[in-house]
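So you know, we letter chains A, B, ... as the sequences are listed, proteins then strands, and number each from 1.
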Amino acid sequence: MHDIKAILEDPEGANAALQRRHPDLDFSSLIELAERRRALTTQYSGLRHEQKTVSEGFASKTMSDEDRATLRGQLKELSTRVKGLDGELKALEEQLEHAALCLPNLPSAETPDGASEEDNKVVRTWGEKPTFDFEPSDHASLGEDLGILDFEAAARVSGARFALYRGLGARLERALASFMLDLHTEAHDYEELLPPYLVSRDAMVGTGQLPKFEEDAFRTEPDDLFLISTAEVPVTNIHRGQILEAGELPISYAAYSSCFRREAGSYGKDTRGLTRLHQFQKVELVHFAKPEESAALHERLTGHAEAVLQALELPYRVVELCAGDLGFAAQRCYDLEVWLPGQSIWREISSCSNFGPFQARRAGIRYRPAPGEKPRFVHTLNGSGLAIGRTVMAILEVHQLEDGGVRIPQALQPYMRVESIAAS
RNA sequence: GGAGGAGUGGCCGAGUGGUCGAAGGCAACGGUCUUGAAAACCGUCGGACGCGAGUCCCGGGGGUUCGAAUCCCUCCUCCUCCGCCA
């Protein structure tokens with residue numbers, strides 16, 4: 001959510017920033033609502049004051065029954081007016097809040113201009129694209145041939161866009177989760193969490209999935225709970241409504257979870273293999289930071305995700321998203337794209353975002369800079385460290401062998417307890 | 001799911017219709033004293049909105065009333081007992 005006060009102070013600047021993301025958006029209706037609210041609030045507060053003052057007289061003074069009746073009549077009328085105004089004010093506030101919750105975050109000054117994916121900037125590349133003496137296969141064929149991925153069975157059970165892992169495939173997912181969590185908790189100093197996968201509507205609003213993107217989420221009936229699309233949702237909401245101590249920041253959590261996405265509107269897109277599923281597993285990294293440290297932390301966070309790819313010997317590039325391609329809540333974002341030789345494409349495997357105070361304002365997460373000082377909103381950041389299904393894809397495609405087997409990278413061998421997945 | 005009890009400021013806890021944003025204690029912060037510290041004493045000490053007078057917030061929402069932390073309804077959370085269950 002936005003700082004309405006700041007927008008009222010500099011509407012042109014705010015509009016310009018918003019339009020870097022999308023030329024059709026602006027704050028004009030928000031500003032109008034905010035100004036009407038200000039006027040109404042002033043009126044309401046004056047009227048309430050009058051009501052309180054007169055009411056005090058009614059309570060304490062001794063007076064004749066006649067005077068009392070008159071005063072009561074007066075108060076009754078005041079009360080009616082207060083209630084009327086209160087109703088108006090509440091309706092207006094609801095409108096204002098809804099409008100505010102539906103506007104995306106402003107891109108940070110560092111975020112490059114651009115309208116779409118085409119305009120993203122490649123920041124750096126790591127590793128060499130592998131070369132093969134044979135025609136490399138894609139992960140779906142490799143996985144099915146090795147008997148470790150079974151999409152047919154998954155479709156029988158759940159329909160399209162689900163995967164069933166078998167044998168060493170199932171172990172590979174588990175090994176990757178353990179490897180990533182160990183790396184982040186031991187080398188990068190994260191606290192490991194295992195969050196709930198079902199969350200309240202309020203939690204979804206807090207991180208920005210709602211109210212605008214309800215059709216993207218799986219929702220349970222009749223309890224109105226939502227299946228998480230990422231562990232970011234439960235983990236960020238851990239501190240909702242709290243005022244944290246400056247000394248405890250930054251707080252860093254690493255959480256493994258399944259992630260559930262309806263993928264509405266992506267019919268016919270990425271239908272093969274593990275690329276785009278209704279359920280996948282991910283290790284997510286989440287930070288709560290002071291505003292002045294968030295930019296540097298964003299770089300470190302990205303490095304933590306990169307460390308996983310490097311340890312797994314997977315070539316990748318870091319792409320900075322342009323303003324037009326940013327996610328709803330992000331002000332700045334690096335995507336990590338892994339090279340998939342079986343498909344000859346770069347594929348997003350991690351997205352590392354700085355949300356600034358956007359989510360914190362929605363979820364009411366603040367910190368006190370020093371004892372006695374006013375609370376300020378924290379900055380929240382998160383990044384995938386990594387998406388596990390897509391990591392499986394990359395391992396299969398990058399480390400495939402001529403005979404159809406797959407080499408397990410050194411760092412993962414203690415977890416897999418085999419050096420390769422052999423072709424049968 | 002059924003029956004009962006409870007939700008007040010960072011924490012504990014008073015307050016059961018009017019002057020209560022809320023006693024008291026603890027913690028915290030500033031100061032006096034001290035070589036320093038402790039103790040003692042003095043002061044400050046929730047958040048939001050408004051230029052300000054002032055207004056709003058006592059788990060959330062709604063209602064009764066001239067007036068609600070206090071009464072009613074509803075939802076949520078926690079505790080106890082029963083049921084069910086990994």
Side-chain angles (χ1 to χ4, degrees), chain A residues 1-9 30-101 194-206 210-211 220-226 234 237-249 251 258 288 357 360-378:
Chain A
M1 201 153 62
H2 293 93
D3 182 353
I4 291 176
K5 222 196 281 183
I7 290 167
L8 288 174
E9 271 165 28
L30 196 71
I31 289 170
E32 198 212 305
L33 286 168
E35 277 167 351
R36 271 170 58 204
R37 178 182 62 172
R38 181 179 285 182
L40 253 185
T41 305
T42 309
Q43 211 183 327
Y44 176 80
S45 129
L47 199 60
R48 267 297 274 172
H49 182 55
E50 188 184 342
Q51 184 189 31
K52 281 182 149 181
T53 319
V54 180
S55 191
E56 237 168 76
F58 185 85
S60 53
K61 291 200 185 83
T62 47
M63 59 181 86
S64 68
D65 288 353
E66 204 177 314
D67 289 347
R68 212 170 179 80
T70 316
L71 193 54
R72 180 187 289 265
Q74 223 184 83
L75 278 166
K76 179 80 185 164
E77 197 234 306
L78 258 177
S79 169
T80 310
R81 281 168 59 202
V82 166
K83 276 181 185 153
L85 256 185
D86 187 48
E88 259 183 80
L89 193 55
K90 286 217 168 103
L92 185 63
E93 267 170 354
E94 206 167 295
Q95 264 186 70
L96 178 62
E97 185 177 306
H98 185 77
L101 286 173
L194 200 153
Y197 292 1
L198 288 168
V199 297
S200 68
R201 184 171 281 276
D202 285 345
M204 293 284 278
V205 171
L210 295 184
T220 67
E221 205 54 90
D223 299 300
D224 205 37
L225 292 170
F226 293 82
N237 279 284
I238 288 173
H239 295 297
R240 77 172 11 255
Q242 293 192 321
I243 299 175
L244 304 165
E245 291 304 320
E248 45 184 335
L249 298 175
I251 296 173
S258 292
F288 301 82
R361 194 171 271 117
R362 291 173 158 248
I365 309 169
R366 293 174 291 177
Y367 79 105
R368 201 179 296 283
E373 278 187 46
K374 281 179 92 67
R376 297 183 63 193
F377 288 107
V378 300

Candidate pair A:D202 and A:R240, rule side-chain contact (heavy atoms from CB on, under 4.5 Å), full reasoning
CA-CA 10 Å; A:D202 285 345; A:R240 77 172 11 255; 4.1 Å; yes

Just how far, in rounded Å, is P of B:G9 from CD of A:Q242?
14 Å

Can you tell me, in whole Å, how much space there is between the P of B:G1 and that of B:A53?
50 Å

Please list, pair by pair, any protein nitrogen or oxygen found under 3.5 Å from a nitrogen or oxygen in nucleotides 63-73 of chain B.
unit_1 : atom_1 : unit_2 : atom_2 : d
B:C66  : OP2    : A:K76  : NZ     : 2.9
B:C66  : O3'    : A:S79  : OG     : 3.3
B:G67  : OP1    : A:S79  : OG     : 2.7

Mind checking what makes side-chain hydrogen bond (donor to acceptor under 3.5 Å, both in side chains) contact with A:S258, not counting sequence neighbours?
A:Q281

To the nearest Å, give me how far apart CD (A:E245) and C1' (B:G10) are.
8 Å

When rounded to the nearest Å, what value does the distance between C1' atoms of B:G10 and B:A27 take?
8 Å

With rounding to whole Å, what would you report as the distance between B:G47 and B:A22 at their P atoms?
14 Å

For A:R368, enumerate each residue passing the side-chain hydrogen bond (donor to acceptor under 3.5 Å, both in side chains) test, keeping only those at least two apart in sequence or located in another chain.
none

How many Å lie between CG on A:L85 and P on B:C49, as a whole number?
21 Å

A:K374 or A:G46: which one's nearest nucleotide on RNA chain B is closer to the 5' end?
A:K374

Can you give the donor-acceptor pairs under 3.5 Å from side chains of residues 31-45 of chain A to other protein atoms, not counting sequence neighbours?
unit_1 : atom_1 : unit_2 : atom_2 : d
A:T41  : OG1    : A:R37  : O      : 2.6
A:T42  : OG1    : A:R38  : O      : 2.8

Which is it for A:L210 and A:F226 under the side-chain contact (heavy atoms from CB on, under 4.5 Å) test, yes or no, and what are the steps along the way?
CA-CA 10 Å; A:L210 295 184; A:F226 293 82; 3.7 Å; yes

Using the C1' atom as the point on both nucleotides, what is the distance between B:U74 and B:U64, in whole Å?
15 Å

Whole-angstrom distance between B:G43 and B:U77, as gauged at atom P:
44 Å

When rounded to the nearest 0.5 angstrom, what distance separates OG in A:S79 from CZ in A:R72?
11.5 Å

Grab the CG-P distance between A:D224 and B:C76 for me, whole Å please.
12 Å

Just N and O in the side chain of A:R368: are any of them under 4.0 Å from OP1 or OP2 of B:G10?
no

Test side-chain contact (heavy atoms from CB on, under 4.5 Å) applied to A:P211 and A:H98, A:E97, A:R201, the passing residue:
A:H98

Write down the distance separating the C1' atoms in B:G21 and B:C58, rounded off to the nearest Å.
8 Å

Options B:U55, B:G47, B:G62, nucleotide nearest the side-chain atoms of A:S45:
B:U55

Distance test, side-chain N/O of A:K5 to OP1/OP2 of B:G50, below 4.0 Å
yes

Check A:P369 against A:K374 and note the closest heavy-atom contact, atom names and distance.
CD-O, 3.2 Å

Could you measure between the two P atoms, the one in B:G62 and the one in B:A69, and give it in whole Å?
14 Å

Find the distance A:F377:CZ to B:G47:C1' and express it as a whole number of Å.
11 Å

Tell me which of A:R366 and A:R38 sits closer to the 5' end of RNA chain B, going by the nucleotide each one is nearest to.
A:R366

Which value, in whole Å, describes the distance between the P atoms of nucleotides B:U44 and B:G25?
13 Å

Note, RNA chain B 5' to 3' with Watson-Crick or G-U pairs under 3.5 Å encoded as ( ), [ ], | and . gives ((((((((.[[[..)..(.....]]].(((((.......))))).((((....)))).[[[[[..)....]]]]])))))))....

Checking side-chain contact (heavy atoms from CB on, under 4.5 Å) between A:V378 and each of A:I365, A:I243, A:I251, which is the one that passes?
A:I365

For the pair made of CZ in A:R361 and C1' in B:A48, what is the distance, rounded to whole Å?
13 Å

What's the CZ-C1' distance between A:R376 and B:G47, to the nearest Å?
17 Å

For A:K90, give me all partners under side-chain hydrogen bond (donor to acceptor under 3.5 Å, both in side chains), at least two apart in sequence or on another chain.
A:D86

Between B:C49 (C1') and A:R36 (CZ): distance, integer Å:
18 Å

So, does A:K52 get its side chain near the phosphate of B:G18, meaning an N or O under 4.0 Å from OP1 or OP2?
no

A:E94, CD: over 12 other non-hydrogen atoms inside 6.0 angstrom:
no

